[in-house]
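Report on the structure given below.
In the text below, chain A, chain B and the rest are named by the order of the sequence lines, each starting its count at 1. Note that the structure is predicted; figures quoted are calculated from it, not measured.
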Number of protein chains: 2
Amino acid sequence: MQPLVERLRDRRWRLTAQRRVIAEVLAGEHVHLAADEVFDRARAILPEVSLATVYNTLHELVDMGELLEVAHVDGRKRYDPNVEHPHHHLLCVDCGRMLDVHVDDPRLPDGEQHGFELLGVDVTFRARCPDCVGRVAVAALDRV
Amino acid sequence: MQPLVERLRDRRWRLTAQRRVIAEVLAGEHVHLAADEVFDRARAILPEVSLATVYNTLHELVDMGELLEVAHVDGRKRYDPNVEHPHHHLLCVDCGRMLDVHVDDPRLPDGEQHGFELLGVDVTFRARCPDCVGRVAVAALDRV
DNA sequence: GTTTCTGCAAAATATTTGCACATGC
DNA sequence: GCATGTGCAAATATTTTGCAGAAAC
């Protein structure tokens, strides 16, 4: 599949400098940025970007289906550009780092459907990343 | 297993009127209230409850392991008291209604672990509940 | 040239905190 | 009685909105 910015051009999406930078910042696998992180990175490249434009643009991309909004327990939503390859997530509960993983979708048994019309499924593995496991081990040593 | 309020008493948790009402409001299956909803229901029973106390109490119960904090795409966290029976969720993307469902946990293949230490897995089925399916159908008819 | 986007600043929403007073045990 | 909980009000964090001016096409 073609890169995000090209897909957007094909959609006749008005491509301003701000929107292009925001789209570029979001490209790639394992990218799950919060709005303020998108803002910081975009502004580092193009200072003429406002947070309002970041929010506007994120919402448009979500509505277009080019970006997925991911709920996060810390209350800040993350934005996931990897819509080409359906995937699930591996989340470090200590530092919040999130990676894409590929797992077979679980099936909801008929007896558990409660009359709902199924649309999809999201799977998040809660875990500790290697850095945070190390940090816990060091802290334990310090206490001895 | 014994009810939530009794488990809390056994833990020597200081049981004030406010805390008891908050715990009662949260009891049961398929309960996934946001903080402000807990506040509204608790205040209906005991007007001498403040929102700050609701937040304090929710956090204590989460730290104690008597309540699970569930991320929600609308940014408001939900609180799930059903810690006795591990379960997953069926979420209506239109109205936000959430039910508990029982599904086998998906397994993360070795090749996808990225060196993380696994703690658990959360599964959310995105769906439309019967009420919202009906509402969409009625809206479609209105347009004819 | 028209339509749409952008930045700013203010508002709305959600959550957290500091502290004097109240209360369970 | 003392340790801990509570309410209030102010602070913080995140997201949304209104609108005049700017830029894409």
(request) For A/His32 and A/Met98, work out which heavy atoms get closest and say how close. (result)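 So the minimum-distance heavy-atom pair works out to ND1-O, 3.1 Å.
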Taking 4.0 angstrom as the limit, do [X] and [Y] come out as a salt bridge?
X        : Y        : value
A/Arg107 : B/Asp104 : no
B/Arg43  : B/Glu48  : no
B/Glu24  : B/Arg20  : yes

(message) Students often get this wrong, so: under 4.0 angstrom with heavy atoms, is A/Ala34 touching a base, only sugar-phosphate, or nothing?
(response)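 Contact class for A/Ala34: none.
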(request) First locate atom CG of B/Leu99, then atom CG of B/Leu91, and finally report the distance between them rounded to the nearest 0.5 Å. (result)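 Separation between the atoms: 9.5 Å.
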(message) For B/Arg14, is there any backbone N or O sitting under 3.5 Å from a side-chain donor or acceptor partner on B/Arg19?
(response)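 Yes: the side chain of B/Arg19 pairs with the backbone of B/Arg14.
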Nearest-angstrom distance from the residue atom [atom1] of [X] to [atom2] of [N]:
X       : N      : atom1 : atom2 : value
A/Arg12 : C/dC5  : CZ    : P     : 15 Å
B/Arg76 : D/dT16 : CZ    : P     : 14 Å
A/Asp36 : D/dT14 : CG    : P     : 6 Å
B/Phe39 : C/dT16 : CZ    : C1'   : 15 Å
A/Leu33 : D/dT14 : CG    : C1'   : 16 Å
B/Leu8  : C/dG24 : CG    : P     : 16 Å
B/Leu15 : C/dA22 : CG    : C1'   : 16 Å
A/Trp13 : D/dC25 : CH2   : P     : 11 Å

(message) Please determine whether residues B/Leu119 and A/Val123 belong to a single hydrophobic cluster, defined as Ile, Leu, Val, Met, Phe, Trp and Tyr linked transitively by side-chain heavy-atom distances below 4.5 Å.
(response) no
(message) Under a 3.5 Å threshold, yes or no: a donor from one side chain and an acceptor from the other, between A/Asp122 and A/His89?
(response) no
(request) For the residue pair A/Tyr79 and A/Glu37, establish whether any side-chain heavy-atom pair is separated by less than 4.5 Å. (result) no
(message) Does A/Arg14 contact D/dA24 through a side-chain donor or acceptor facing the base, at a distance under 3.5 Å?
(response)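 When only heavy-atom distances are counted, A/Arg14 does reach the base of D/dA24 through a donor-acceptor pair under 3.5 Å.
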(request) Name every residue in residues 43-74 of chain B that has at least one heavy atom under 4.0 Å from any atom of DNA chain D, in order of residue number, or write none if there are no such residues. (result) B/Glu48, B/Val49, B/Ser50, B/Ala52, B/Thr53
(request) Check DNA chain C against residues 16-23 of chain A and give the residues with a non-hydrogen atom under 4.0 Å, in numerical order. (result) A/Thr16, A/Gln18, A/Arg19
